[in-house]
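Just so you know, these numbers come straight off a predicted model, no measurement behind them. Letters A, B, ... mirror the listed sequences (proteins, then strands); counts begin at 1.
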Number of protein chains: 2
Amino acid sequence: MIVRVTPANANNVFRALADPTRRAIFEELTRQGEQTVHALTRYAGVSQPAVSKHLTVLKLAKLVRHRREGRETHYRARPDALAPMVYWLRHYGAFWRDRFDRLEALLERMES
Amino acid sequence: MIVRVTPANANNVFRALADPTRRAIFEELTRQGEQTVHALTRYAGVSQPAVSKHLTVLKLAKLVRHRREGRETHYRARPDALAPMVYWLRHYGAFWRDRFDRLEALLERMES
DNA sequence: AACAATCATAGCCAAATGGTTATGAGTTGT
DNA sequence: ACAACTCATAACCATTTGGCTATGATTGTT
């Protein structure tokens with residue numbers, strides 16, 4: 001019998017980031033900051049409805065927020081929503097050994 | 001147009017860990033160490049062929065290794081295969097800001 | 001008012017996914 | 001030798017997934 005120890009929405013986060021297009025959208029949002037669906041569609045190379053669906057999945061994982069402004073919707077990344085994944089990694093990933101360098105960078109604080 | 005910046009097999013890692021059963025298997029392997037398919041099947045709560053298929057996916061992501069011994073196959077976790085995910089997180093996740101505490105634990109070295 | 005732009009939703013479809021049972025190959029025990 | 005065990009693969013199935021086009025609601029522009 002499986003007992004889940006991962007946080008509740010960890011599953012949503014893992015699932016959301018499993019798709020490369022969705023990862024690319026999230027990456028673009030963190031790199032370039034807030035973007036409209038239109039801009040993201042141009043970037044992603046898939047149809048606008050496809051982008052909208054991806055954004056819905058990301059939103060379900062709380063990885064993005066949206067803000068309506070007139071006829072366009074602006075989306076932005078919420079990197080702190082990655083917490084469950086980081087928590088999981090810390091726990092099950094490199095708990096005993098790791099070879100990843102300069103993870104200290106993760107500890108750098110920057111104002112939101 | 002999407003330009004991939006993530007390491008080649010990052011996709012495999014993300015995809016492998018997207019499934020909760022697969023995550024649970026990986027967790028069990030890191031917690032309890034090497035396990036046979038039989039033991040993992042008892043643990044996972046799904047059929048033995050299902051476990052074998054999951055292990056194949058994990059193996060494709062290099063998250064597990066296997067070692068034949070007689071009629072049983074022993075699987076073990078390879079936490080360092082999580083590197084692409086950690087790399088990705090460092091890059092796109094908490095590059096600017098983060099609220100995750102005590103990630104220094106990730107830096108603790110333990111002999112393999 | 002009419003038109004254009006932006007986006008979400010609905011409806012559709014092919015492919016992938018995660019599960020099952022059946023089976024066979026190899027290994028161990030009697 | 002034979003029975004039992006371990007595991008991978010095959011074959012199948014239902015559901016999910018990721019894409020598309022069509023459409024409609026809303027907002028901006030002329």
Side-chain angles (χ1 to χ4, degrees), chain A residues 1-2 4 6 9-29 32 34-77, chain B residues 1-2 4 6 9-29 32 34-77:
Chain A
M1 194 59 55
I2 293 183
R4 297 261 167 277
T6 19
N9 60 324
N11 201 26
N12 286 333
V13 175
F14 275 96
R15 205 175 61 85
L17 295 177
D19 182 74
T21 304
R22 229 135 48 204
R23 260 195 329 273
I25 289 175
F26 183 81
E27 291 166 15
E28 172 72 1
L29 285 175
Q32 308 291 341
E34 210 177 59
Q35 303 267 343
T36 68
V37 176
H38 186 63
L40 288 174
T41 298
R42 246 187 302 108
Y43 170 75
V46 292
S47 70
Q48 173 264 310
V51 172
S52 276
K53 282 215 283 186
H54 282 311
L55 288 169
T56 299
V57 177
L58 289 169
K59 203 162 45 187
L60 203 112
K62 302 193 195 304
L63 286 165
V64 297
R65 296 180 62 179
H66 67 287
R67 170 176 69 84
R68 296 293 306 269
E69 187 176 343
R71 59 182 164 185
E72 48 195 15
T73 312
H74 298 257
Y75 281 85
R76 66 178 307 181
Chain B
M1 195 59 56
I2 293 183
R4 299 260 168 278
T6 19
N9 60 325
N11 200 28
N12 286 332
V13 176
F14 275 96
R15 204 175 62 85
L17 295 177
D19 181 74
T21 303
R22 228 135 49 205
R23 254 189 341 263
I25 289 175
F26 182 81
E27 291 167 14
E28 172 73 0
L29 285 175
Q32 308 291 341
E34 210 177 59
Q35 304 267 343
T36 69
V37 176
H38 185 63
L40 288 175
T41 298
R42 248 187 303 106
Y43 169 75
V46 293
S47 70
Q48 173 265 312
V51 171
S52 276
K53 283 213 286 185
H54 283 311
L55 287 169
T56 300
V57 176
L58 289 169
K59 203 161 46 189
L60 203 112
K62 302 192 196 306
L63 286 166
V64 297
R65 297 179 61 178
H66 67 287
R67 171 175 69 84
R68 295 293 305 270
E69 186 176 346
R71 58 180 163 186
E72 46 195 18
T73 313
H74 297 259
Y75 280 85
R76 67 180 306 184

Close N or O pairs between protein and nucleotides 11-18 of chain C (under 3.5 Å):
unit_1 : atom_1 : unit_2 : atom_2 : d
C:dT17 : OP1    : B:R15  : NH1    : 2.8
C:dG18 : OP2    : B:R22  : NH1    : 2.9
C:dG18 : OP2    : B:R22  : NH2    : 3.4

Point to revise | For A:R71, side-chain contact (heavy atoms from CB on, under 4.5 Å) partners two or more places apart | key: none

Review point. Who are the ring-ring contact (aromatic ring centres under 6.0 Å, His included) partners of B:H66, not counting sequence neighbours?
Key: B:Y75

Review point. Are any non-hydrogen side-chain atoms of B:Q35 and B:I25 less than 4.5 angstrom apart?
Key: no

**Study point:** Contacts of B:R67 that satisfy side-chain contact (heavy atoms from CB on, under 4.5 Å) - sequence neighbours left out
**Key:** B:E34, B:E69, B:H74

Exercise for review: Report yes if some heavy atom in the side chain of B:L40 is under 4.5 Å from a heavy atom in the side chain of B:L55; otherwise report no.
Suggested key: yes

Pairwise N/O distances under 3.5 Å, protein to nucleotides 3-8 of chain D:
unit_1 : atom_1 : unit_2 : atom_2 : d
D:dC5  : O4'    : B:R71  : NH1    : 3.3
D:dC5  : O2     : B:R71  : NH1    : 3.1
D:dC7  : OP1    : B:V37  : N      : 3.3
D:dC7  : OP1    : B:T73  : N      : 3.0
D:dC7  : OP1    : B:T73  : O      : 3.4
D:dC7  : OP2    : B:H38  : N      : 2.5
D:dC7  : O3'    : B:T73  : OG1    : 3.4
D:dA8  : OP1    : B:Y75  : OH     : 2.9
D:dA8  : OP2    : B:S52  : OG     : 2.4
D:dA8  : N7     : B:Q48  : NE2    : 2.7
D:dA8  : N6     : B:Q48  : OE1    : 3.2

Exercise for review: For B:T56, check side-chain contact (heavy atoms from CB on, under 4.5 Å) against everything at least two apart and list the hits.
Suggested key: none

Practice item. Check the distance between D:dT26's C1' and A:E69's CD and give it to me in whole angstrom. Key: 15 Å

Exercise for review: Assign B:A50 to base, sugar-phosphate, or nothing according to its heavy-atom contacts below 4.0 angstrom with the strands shown.
Suggested key: base

Review point. Do B:L63 and B:L17 have side chains that get closer than 4.5 Å, going by heavy atoms?
Key: yes

**Study point:** Heavy-atom check, side chain of B:K62 versus side chain of B:N12, under 4.5 Å
**Key:** no

Practice item. Please state whether the phosphate of C:dT20, meaning OP1 or OP2, lies under 4.0 angstrom from any side-chain nitrogen or oxygen of B:S47. Key: yes

